[in-house]
Each structure stands twice: as C-alpha cells, then as structure tokens.
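Letters go in sequence order (proteins before strands), and every chain restarts at 1.
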Amino acid sequence: MNSAVILKQVPDTEALIKVKPDGTGIVKEGVKFVINPYDEFGVEEALKKKEAAGSGEVTIVSIGPDRSVESIRTALAMGADKGVLLKIGEDEYSDALATAKALAEELKGKDYKIIFCGKQAIDDDMAQIGPMVAELMGLPCVTVVTKVDVSGDKAVCSREIEGGKEIVEVALPAVISCQKGLNEPRYASLPGIMKAKKKPLDIKDTKLDAPKATIDKWENPPQRAAGRIIEGDDAAAKAAALVKALRQEAKVI
Amino acid sequence: MDYQISREVFFNLGGPHGVPRLIVYAIALLVMAAFIYFLVKKIKVWRLGQPEKRTDKIVTRLWGIVEFVFLQIRILKEKLPGITHLFLFWGFGVLFVGTALIVIQEDFTLLLFDARFWYGAFYKWYSLALDLAGLFALIAVIVFAVIRYIVKPERLDNKPTDAISLILIFLILISGFINEGLRMAATEVSTNPKVAAMSEVLAGAGDEFLREMPELTDEQLISKANENPAFTDTPITEENVYLVRNGYYYDNNLAMWSPVGLTLARAFNSTMSEGGILTFHKINWWIHLLLAMTFVVYLMLGKLMHIITSSLNVFFRKLEPKGALKPIEDMENAESYGVAYSEQFTWKLLMDGDACTHCGRCQDNCPAWLSDKPLSPKKIVNDTNDNLYERAPQLFKKVASEEIESKALIGEANELDAVWSCTTCLACVENCPVMIDQVQKINEMRRYKVLMEGEMSKELTAAMQNMEKNSNPYGFGFHERGNWAEGLPIKTLAEDPDVEYLYYVGCAGSFDDRYKKVATAFVKIMAQAGVKVGMLGQEEGCCGDSARRAGNEYLFATLAQTNIETFKSYNVKKIVTTCPHGYNCLKNEYPQLEGGKFEVYHFTELVLDLIKKGRIKLNKSVDGIKEVAYHDSCFLGRYNDLYNQPREIIKSIPGTKVVEFTRNKSKSYCCGAGGARMWMEETIGKRINHVRTQDAIDKEYKTIGTACPFCLTMLSDGIKELGKEESMQTIDILEMVMKSMDIK
Ligand code: SF4
Ligand code: SF4
C-alpha cells in the first residue's frame, strides 16, 4: 500500500521562542527544530499500514527551508522509503492555501491510497493543510483521527469529538489527519538511521503563490508578573497580610 | 646414608622398572590426550565469538595470575569460603607439584643427568609439606561440603557436578592418605622384625650400594646384594627381596615428617598383617591412580574446569578502566549492533561463561536480585553459556545464525526484564573472583534492543528523545541549561575562558531543583577557596552516561563528540564534575573517542585536596549533625575507587563522624538509579531505593550523606516513601562543606 505523509518541521516544544524586535517572525538561532509531533503519528501510521499490507512505499513530502531535510531523514530513518522537499527560502512565507496548492501539485497523479498529515502544526496551529489538500485533490478528508482500519478500498476511522467518539467510513484514496493517541511513534533503529542517509530525497526549488492572508505582526505573550511572598512574624500575621492583599490589592475577595 | 631418606617409586608395584610403571604412562598419555581433546573443543566453541584483542600488556596479565590465581586476592574478599578455597587450592597445588617433582626426577634429571634431588633433607620437608597439604585440602573439602549441603546458602545452586567434584577430590585425598599409611606401615614403621634386621644389614652395605639400590631390578638386586659381605649371613632370594627394599627405608625419624601418614600406618600395623597391608596397598594404589586420572579428564568436563578456565579468564581479563564500557567499532559500517545471538559476543565474553565457578557472589551483591527482579548476574552468565552450547553444534555446521533453532538469547534464555533490570552498579563485576564481565554482556543485549529494534520502555524512549532534542534526559529546553547559575560567582567560558577548571555541571546540576542547590554550593565553595572555575552554560550537553548504559551507543557517541568539540574549542585541560556519572563518563569513556582525553576530577578529590592545603576551612559542625551514614555512589566507589575521599571530607567537619552501612564500599548497595534506571519505572519486586533506605532505618541512622545526584534523589524519595521524613534526612557532602565553611 503506497501512502504519503505531509510533514512539517517545527521548533521543538521546549524551545525558547523569541519574536524578532521588528515583529516579522521568530528568532531562529539556537532553536532546535523537530518533526511536528502530529505529523510523526502520520509517519508511524503510514509505516504500520505498509507493514500490515506487506508491500508498498511511504513517501514523505514537506515544504520548508533546507533544514527540513533533517526531519525528512528522521522519518526515513523510522522506515519511510523516500522523501520530497519542496524547498523555499528560510523566511519565505505564504498562506495555507498557497502551501496546500504546492503540496497538492506534488501529491497528485501518484497512486497514494492514503495521504496522512498531522491534525495541525504545533507552531502556527492553523490546522488547514489537510482539508485544503484534500479539497484541491478532490479527495475525502477525515480529521483528528485516533484509529484507522483499512480494508480494501475503504478505511474506518475513529475521530475524537467533544465527549465521545465518531466512527467514519471513508472511501480511499483519502486524506487523514492524525491526532495523539493514534499510535506510539517508533524509535528509529541505528541501521534505519544509517540507511536513511542513502534513501532518495528529492529537493525541488519551489515558488509559492502570493499569500491572500498575510501576517501583520508577531508579539511575545505579556510577561507574567513576579509572585510575591507575604512577610509576617508568624503564621497568623502572614494570614492576615494575605487576606488584606487579596481584598484590597487583588480585589478578589 | 642420605639416600635412604627417600622412598622407592612404584614401591610394591614392581619398582621403577616394573610393568605397572609402563601401564601408568600409557594411561597418563591417554588422559593427556583426552584433556587436550576436550580443551581444544572448548577453545573451538569460544572461537565462535567475535574477535577482541586481549593479548596486550603481557606482564600485567601474568601478574594477574599471581595475584588472583596464586594469591587468591579476590576470592579472599569473603572470609570463610575464601580461606577454605585457599586451603584447597594450595593443598591440592602442593600435592600436584609434589607429584610432578617425582616425575621430573625420574623421567628427566635421573634419565639425562643421573641426578637425584628427591632425598635427604629435601625429602623430609617434602614429606611434611605434602602430608599437611593433603590435610588442609581434606579439611577444605569437608568445609565446602558442609557449606553446600548443610548451610545451603541461596546463591549456591547444587548441581550434580558440584557433588561429583567434591566427592572426587575427597576420594583422591583419602586414597592418597591410605596409600601413604600402608606404604609407611610396610616400610618406615614396619613392625616386621625382619625388616628392622634388614635395615641393620643394609647399614653395613656401603654407600655405593645404597646409592644404586633404588635403581636396581629384583634380579640385579639379588645378585648385587649377594656379592656384598653384608649379605653373607642373609643371602637375598626372590622370596625375601622385598625385605631389602622395605628395610632400606626403615627409619622411625623419617616417619615423623609425615604425621598423618604415621598415624594411619600405626593404625594399619595394629590391625592388619604385613601381607594384608601389601595387598591392600596394591589395590588402593590403583584406585588412587585411576581417581587422579579421572580428575584430569574431569578438569575439562564439569565444575573443576574452572581451574583451567578461570585462570585463562584472569589472564585475558579487561585491563581498560573498569568503569568504561567497550565502544562499538566502526559504527558507520557495522551491519548489526549489540548481541541477539550468543555467538555475537566476543570470544572473551563467551569464555566468561565457562570460567564461572557458580559461586554466586555476583548474585549475592546484585541489587536487582536482592529486590526480587528476574535478574541474577550469575544466571545471565550461565544461561547465556547454555544457549551458546545449544547453538554450537549447528554453528559448527555453518548454519546461519538466524536459522539456528534454539532458545532466543533475549526473551527466552535471558528474560527481557532481566536485561532491563540492571542498574550497572558493577557489584557483580567487582565481586566476581574470576573477573567475569557481566555488565558488558547485559549492555550488549540492551544495545541490540535499542539500536536494532528501537525497543525499550516508553519512559526510556522519552528520556532518549529528550537527550536527542535538548541534550538532557529531563526534557527541559537546552537553552535553560545555564539558568541555575544566575547571580552566582561563576562565568561561562564564552564570557571568560581563562579558568583553572571547567566545571562540567551535568544535567542534574542544571535541571534538578534539589541538585541545583548542590551545584550552587560547589560554585560558592570554589569561589571562597579561590579556585577559578568556569562553566559552559547552554553550550554544555548531556554527558551520555544514561544513553550508553541504556544501550544507545549511537546517542552516546553523538553527545560525547559534541561535548568534546566544545571542550576543545575552549582549549579545556582540566575538568571537575560533581556528578559521578559525568565523572566516570568523561574520565574513562571520552578517551575512547577522538580528542577525548582531559584531566578529569571529581569534587571529592578536589575538595579534599583543598581541605588538606588549608584553602577550604571547615569551621563548624553542620545543623547539629553528629554522624553521617555515607552511601557510596557506585560510579565513585566501585567504578573509580573513590571510597575514602568522601569519608575523609565528612570526617574533616568538626564534630562529625562517619558511620557505615552494613553493605558498604565495594559491597555497597546501589540506590537503584544507575544504568539509566533513573529514567525507567520500577514495577517488579521491591523498590531498590526502599531497600537501601531500610538499611539506614535498621541502623537507626538519621542522616544519609551522598555525593551523587541520583543517590540523593533516590534516597530522599526512599525516606519520603517510607514515611521517615520527620526523623531522617539526606544531605550532599558539598552542602555540608558549604555550611561548615559558613558560606550563606
Ligand atoms: S551491575 Fe549491579 S544490577 Fe547489574 S547485574 Fe551486576 S550487580 Fe546486578
Ligand atoms: S559470575 Fe563470577 S561471581 Fe558470579 S557465580 Fe560466576 S564466578 Fe561467581
């Protein structure tokens, strides 16, 4: 079973994010980039489906600057067969629609039974790529999926909805966006890492359409004010001071 | 007359020229051939393993044989079994050498140079030595039998070969003594008046006759003797020729040199006739010979094999720092990593299996075993060995490893949980009398699981991913690494590279709230003592100890190489660490990588030195603490022999003394966090840290002193979880030093 995974490289969850002084983006120096965790579920699921079918290829498709190669290689090390990087400049930006168009262009005409992607990227949280790619390719799309069972030309997916589960049957090919809980991404084996260095990785210079939605400005979240330790001679005095502060300064009681 | 202070070889069995001697030689040849056959077979099995160079530093290796085989230094670490073994080893050794000396005289010096040495004063001391050696060995065998079959400690699993070996040795010794007693009964202390009379006659026969006599056949003796005037009255015939030989050695003084033999001889003389004694001697002599020959063949077949294999094992032992795991050679081009089939171990790790004496000392000191985990280092060694022998016949037939039918090495022969239960505390390695390396074996299996299959517990996977992404197992962003030191009197090398020591803080010092206080104490102490140290801040990375001990050699190499590059970029020469894991890793393992040689110190070394030089002044006792139970960190103690430094430091604090755990120093009980166990759940059996905390509770100790972040965490948790927070505490040595120096 051939499938593709749309993968985005994002800053590590623990990375220190600072907005550039001019508000045009974030400072990337010293930031560790990793595979978007939701996309990683997609990679794992694609590999699982391939293993279950006993044949097929998993292709990783990504849009991003040069450094994205590293993340594609990580997916190849996990077991994916080949990668494509639609390469754009480090600070080049377009909107989700332009990005989805470029991806759909790359993905169409290949015989992918399922195109996996994360339910959203953890950096900009747009959650648009999956549905847009599906729409542009004329494919059905199931989002926020926690379980996929493939049988023949159909897949039965569970998706998380408020307070419960929804079971969706979808005709393949389809786009499936992955949610936490779908699987446990594997730890790449060392032979996998070594082999990944030699797997085909196509880097295509890509020009994205001009954005229709643009970002005006980035801002840091407001600084949290420092806490205060209430002083006092004994517990009773401290308690009294605390009540006073809560009533008069914070005005919460 | 000195020639008479000796004895006839093959006495009562045709003498030196009789047929029995030839039969014995024939048997001995067969036995030697069998011995060599079985030895070669073993060697072939070991050679199924992977290559590994163990022939460097020959002198050191040979010296090891003296230390560990002849002097039995390791074995003596445990008193009763140690001394008993020493008795048996030396008892049997002396008997062996004694027998060999006779062979040397009879088949070598006498044959080639017509020279004898086995007579006179030498013979007397020889007799005494062998007599006592036999006695000591006999006592030892009995003590061992009592330990094994009456005391029955858990660590000894009694197999048939143990009983066979003890019984065999026992019978050899007993039949030997009976031989001695019977021979002496017929010669040295014969009650036959004719023998005494013959002895008189011989006294007059002259030196030349006496010198030649032991060599003569019966016919020669008869004709030669009858030429001599001393024999005119009692001519020698075939019937009484035995009297000449017996009379020749008739001498009460000589018998005194064989006290056990003498006692037995007297007993025989008082209960048996001379004819009976001689017949019994003949039968018993053959029994003794056959037993001894069986022993030689059995040397290669059962328990006794360890005499050969453990000596070889000592010779081929690991000479690298004991705390360093072996790297994977040429990781880029290797086809597989770690060990999934027993033949993938190096030949030396395979030989370990045959060298094991089943003494169980490793198991007795293993924190995993003692907390009811499925891991016993003894079992690891022996189950792997059984697995090897199960596979060997097919391997000789060149069947590919994957196709051989046998128990799976990991999962069947060795339980997977056993492989993951190891805290790499090194207690097994340190206490094994024959230098077996259990930890490398376990690590190779972990390497396979992690590097080939990517299979390990979830929590460990998360820790490794954290190390990959942020160079620390805790999962904090790497940019936060230097934050703990804000406002402290220490700069990064980027700010000021001109320092005496680089302080390698490590992950715990950087991220663990409790241990940050210890790192802070260290910085303040150094500042007060006027030692200029710098740090790397966010440029520092995880040392890689946990990654390596968890089997992730690739991650270790990546982390280590990154650190080495950073150290080199600042031209770092001397490094000091507070964490023993970082210390061991940087000191003993980084040198395996290119450019990885630095002078590495642990704070206990540096602080003690500064105390001695008077640069650190310990002024007062700390929080009224009068006694500290010092808990040895495995990575300081067993790994690097830093046992005394931390104790000395504590003792230097006014009014403070060190008290000991029952299990201390090289037998110290791990806190449970080594070997990346820090990052895994502990779900089987008792919790190792509880067991250790309980040790302190049992002794009613109030304060546990540590010098390792993991020990500090584990024992603090232990105290909390066992509900002793009110009455007990943990404290790091550095915190004590800081307070004693009156630094705020
Ligand atoms: S290193 Fe420690 S935990 Fe591991 S097997 Fe040896 S004694 Fe047991
Ligand atoms: S491995 Fe060493 S300590 Fe353990 S049983 Fe064998 S000989 Fe004894």
- Between B:H581 and B:F710, how do the two ring planes meet: parallel, tilted or perpendicular, split at 30° and 60°? tilted
- Query: Tell me, side chain or backbone of B:M456 under 4.5 Å from chain A's heavy atoms, or both, or neither?
  - Reply: side chain
- Message: Among A:K197, A:R186, A:E184, which residue has the highest count of heavy-atom pairs closer than 4.5 Å to chain B?
- Response: A:E184
- Should we say atom NZ of B:K469 is surrounded by more than 12 heavy atoms from elsewhere, each under 6.0 Å from it? yes
- Task: Sequence neighbours left out, what passes side-chain contact (heavy atoms from CB on, under 4.5 Å) with A:L242? Give chain and number order.
- Result: A:I230, A:L246
- Of the listed B:L555, B:L451, B:T461, the one with the largest count of heavy-atom pairs under 4.5 Å with chain A is B:L451
- Task: Heavy-atom distances under 4.5 Å only: say whether B:E468 touches chain A with side chain, backbone, both or neither.
- Result: both
- Part of B:N552 lying under 4.5 Å from any heavy atom of chain A: side chain
- Task: Go through the atoms of B:E332 and report whether side chain, backbone, both or neither lie under 4.5 Å from a heavy atom of chain A.
- Result: both
- Item | Non-neighbouring partners of B:F511 that pass ring-ring contact (aromatic ring centres under 6.0 Å, His included), sequence neighbours left out | B:F476
- Report the C-alpha distance between B:K516 and B:D512 in whole Å, list the side-chain angles of each, state the deciding distance to 0.1 Å, and finish with yes or no for salt bridge (charged side-chain N to carboxylate O under 4.0 Å, His left out). CA-CA 6 Å; B:K516 279 184 203 171; B:D512 179 274; over 6 Å; no
- Query: chain A: which of B:E455, B:E553, B:H479, B:M331 shares the most heavy-atom pairs with it under 4.5 Å?
  - Reply: B:H479
- Is the shortest distance from a Lys or Arg side-chain nitrogen in A:D66 or A:K87 to a carboxylate oxygen in the other one below 4.0 Å? yes
